[in-house]
Colleague: 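Have a look at this one before I ask anything.
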Amino acid sequence: MRWLVGWSSTAAGAWGGAVGHGGRDEGRYDDGDTYGGRVGYDGETLQPVGSQLLWGDPDPLWAVGDWRPDEVRVVKADARTRIAVLGTCGASDEQLRVGLFAARGGALRHLTAWPGSYTAVVQVGRRITVCGDLAGARPVFHTPWAGGTAYATAALPLADLIEANLDFGHLAALLAAPDVPAALHDSTPYDGVRRVPPGHALILRAGAREIAGYDPVASLAVAAPPADPDSAVDAVRDALVDAVRARLSAPRHVPDIDPGPVPGMGPAERRAARGMPVPGIGADLSGGPASGTLALLAAGLPGMPGTVLGHGTGAGERLLAVTFNDLTTRAREEELQRAGALAANPRLHHVVVTGAEESLPYADLDGPLTDEPGPSLVTAARHRARLAAGSADHFTGYGARQVLDAHPARLADLLMDRKRRHLVRPVAALTKADGSVLVPARVYGAARRLARTPYRQGVENLADRLLHRSFEDDPGGAVGASLAALTWAGPGPAARWLTGEALAEVSVLLQNSAHRAGVGPGQRPGDYRARAALTRHAADLRILEQAAEIRSQRLHAPFLDNQVVRACRALPETLRVQPGARAAILRTVLKGAGITELPPGWGAPAHGTAATTVRNGLRLAIDPLLTLFEAPLLAEAGLIEARVVRKAVRAAASGEPLPLDGIADLISLELWLHRLLSRRGTCWTGTPARARAVPGGIAPQRRAVSSGG
């Protein structure tokens, strides 16, 4: 894991005399800044474990973890005006300096408009500004501490700093309504640690904090101006090309040196067995349009994508394209054939990674502790098997569906804008998939109801459903899923297995949110639901990166970059709601980049195999899963009843039509709690052993519903 952490104090305070490293001016730590440090319980200087100091007192900032040298940049205008950028950023030092001057005057959007994926921190005197991203893949957290505010890009270090207990209300909301921002609000699994919403920045002035938005959202009162589809797609192409080029222009890195041969193993097998990626740049190549687009762009742009600095002939090597072949199912043969056809490109070197029962979901329940829980914990081993054969810098297509596809609730947006004729093609596609002549009336009726439902009423309806345990059967097929999504807010797939008290607490949270003065998203239901879905997906990708991490490897998801998200949001709704819109947009993107030869069927929707794969994994892992829920921590916290969940796991493994995503949410949260409570140590020096998150284990606090709060 890698994160940055710092704090803003109300005053300089009493500092010790230890001298730290200075701040860094365009690559040099030599400006004489010092960090006196707060003195811990045992007389040690309080600072993060394994950190490098970027600047010192009175508002210090550290970079923690295995950051590469080019991923940490600090540019100064004067002794108290500077900017730190951590991550992959395509801006030059001069552009950073211009952005610093703009931020000094209060303009924040400039800090988020460079290609790449990064976190920017600006210090102007005693004012600190930390910018999160639009998707939520690089969040910012904060907590009150020592009379001021501590902040970080990970929640666990802050939880260790204040010895935070678990926030059981957040955990209940994470299971009952994971896609509803009103339920989660700004909370985290740690009580007292708060999250900055996507598209916002944390501004600290001598310890006082403020949350400010830097990106406008679509207004509910005024329709967005009509956008030209061709210009919008061109903007997506330019943003994607810039995002890929920012990664290609970064210095190449060589993983740890291979210690030597192993009998019976080739170099690639040795690297995979030792958990070492291949030097250079690679990409996923699943056969789908998103990963294929990134692989072809990365291989086609100039910059010798496979060359490692100081290695090779200098003529460039082929980009490594990795395809995962699940041997437990044969339903993806067409996608694998398309991946093979794409890999015939002479610029690509194709590697097929096979996986059998050992790579099914739930096959490996051991893993590292992540910053937060996420459903990807149950599939981390499956992804790790694929990524182990990847490159030191590896492109993935994560996020393309969320930023390009239309959420079903966007049909209500079209009705609000009086664009009924654009509903014909998506409704016709749903009718064809279902085969019922009643589909158009059902879909149109649901979209019309949503268009006429105020946000507050939508949240109150969900609160009432949770309070009375009103859950429908798992919607089958595209039509059922679309109808279920045509609401302002819906229950999560795991809600049906929560206790009545946990559901009542989430219901109270929703009601309080709905009755709060001035509450409401101020935007259209489709846009609101699409942003929430993107945030949820980006958060889970962040957890997947930590759970499936390969040492010395970086995963790149250009579709989640700020500029790509902005360009995709500018696409007209009338374009994105059409069937096959994502593939058509990406085909146009490739054509604009000079890539026209694509295999037949490229972009065709894949037949659903995920449910079969998950069910096979459940069936094979049924014994350890039932053991996990013999005395679960979730039951100790009062969120579930163990026998109810054990019964649900048995039923899902035997093939009963239950929401498998809900089973994954329960199991992943239980795994995360076990890993959190079994950890040793803390993220900080200068504190006693007890100074870590959840020092007392599971100790449920009094519920809001039982205390009348």
Side-chain angles (χ1 to χ4, degrees), residues 255 258 261-292 294-296 299 306 318-345 348-367 376-398 544-545 547-551 553 555 599 601-602 604 606-621 664:
D258 191 342
V262 176
M265 284 189 178
E269 293 172 316
R270 287 202 307 271
R271 279 192 295 265
R274 290 167 173 161
M276 297 169 53
V278 179
I281 291 182
D284 284 339
L285 190 63
S286 66
S291 62
L294 293 179
L296 292 174
R318 294 181 294 172
L319 181 135
L320 179 66
V322 180
T323 300
F324 182 77
N325 182 14
D326 188 353
L327 300 180
T328 63
T329 177
R330 296 295 180 183
R332 293 185 62 247
E333 291 295 336
E334 294 181 358
E335 276 196 356
L336 293 174
Q337 291 175 3
R338 285 194 290 270
L342 288 172
N345 187 318
L348 299 178
H349 171 60
H350 196 205
V351 172
V352 178
V353 178
T354 58
E357 292 182 349
E358 72 279 357
S359 63
L360 285 171
Y362 306 103
D364 185 1
L365 300 181
D366 292 328
S376 59
L377 292 181
V378 300
T379 59
R382 182 179 181 86
H383 291 285
R384 194 181 301 115
R386 167 177 54 88
L387 296 175
S391 298
D393 289 277
H394 198 75
F395 285 95
T396 66
Y398 290 110
L544 175 63
E545 286 185 275
E549 185 176 22
I550 302 295
R551 187 179 57 182
Q553 185 179 67
L555 293 186
W602 185 85
H607 300 291
T609 61
T612 302
T613 302
V614 171
R615 213 176 290 277
N616 290 339
L618 274 174
R619 189 180 65 253
L620 292 176

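Counting begins at 1 with the first residue of the sequence.
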Colleague: Taking the side chain as everything from C-beta on, heavy atoms only, tell me whether Ser286 gets closer than 4.5 Å to Phe324.
Modeller: no

Colleague: Nearest 0.5 angstrom please: Ile281 CD1 to Phe395 CZ, how far?
Modeller: 5.5 Å

Colleague: Applying side chain to side chain donor-acceptor pair (under 3.5 Å), can you list everything that pairs with Thr323, at least two apart in sequence or on another chain?
Modeller: His350

Colleague: At their closest point, which heavy atom of Val353 faces which heavy atom of Ala389, and how far apart are they?
Modeller: CG2-CB, 3.5 Å

Colleague: Applying salt bridge (charged side-chain N to carboxylate O under 4.0 Å, His left out), can you list everything that pairs with Arg338, at least two apart in sequence or on another chain?
Modeller: none

Colleague: Mind checking what makes side-chain contact (heavy atoms from CB on, under 4.5 Å) contact with His383, not counting sequence neighbours?
Modeller: Thr379, Arg386, Tyr398, Leu544, Ala548

Colleague: For Leu620, give me all partners under side-chain contact (heavy atoms from CB on, under 4.5 Å), at least two apart in sequence or on another chain.
Modeller: Glu357, Leu360

Colleague: Using the side-chain contact (heavy atoms from CB on, under 4.5 Å) criterion, which residues pair with Glu549? Sequence neighbours excluded.
Modeller: Arg2

Colleague: Nearest 0.5 angstrom please: Glu335 CD to Glu333 CD, how far?
Modeller: 11.0 Å

Colleague: Could you give the distance from CG (Leu365) to CG (Leu377), rounded to the nearest 0.5 Å?
Modeller: 10.5 Å

Colleague: Verify the distance criterion only: is there a donor paired with an acceptor across the side chains of Asp393 and Ser391 at less than 3.5 Å?
Modeller: no

Colleague: Indicate yes or no for a side-chain donor-acceptor contact from Arg384 to the backbone of Ala547 under 3.5 Å, with no hydrogens or angles considered.
Modeller: yes

Colleague: If you take all heavy atoms of Leu348 and Ala299, which pair is closest and at what distance?
Modeller: CD2-CB, 3.6 Å

Colleague: Of all heavy-atom pairs between Asp364 and Asp366, which one has the smallest distance, and what is that distance?
Modeller: OD1-N, 3.1 Å

Colleague: If you measure from CG on Leu285 to CG on Leu336, what distance do you get to the nearest 0.5 Å?
Modeller: 10.0 Å

Colleague: To check you understand the geometry: which heavy-atom pair defines the closest contact between Ala341 and Pro599, and what is its length?
Modeller: CB-CB, 3.7 Å

Colleague: If you measure from OG on Ser376 to CD on Glu545, what distance do you get to the nearest 0.5 Å?
Modeller: 10.0 Å

Colleague: Distance from Ile550 atom CD1 to His394 atom NE2, nearest 0.5 Å?
Modeller: 10.5 Å

Colleague: Would you name the heavy atoms of Leu342 and Gly292 that are closest together and state the gap between them?
Modeller: CD1-CA, 4.3 Å

Colleague: Residues in side-chain contact (heavy atoms from CB on, under 4.5 Å) with Ala621, at least two apart?
Modeller: Tyr362, Pro624, Leu625

Colleague: So which atom in Ala363 and which in Glu358 form the shortest heavy-atom distance, rounded to 0.1 Å?
Modeller: CB-O, 3.5 Å

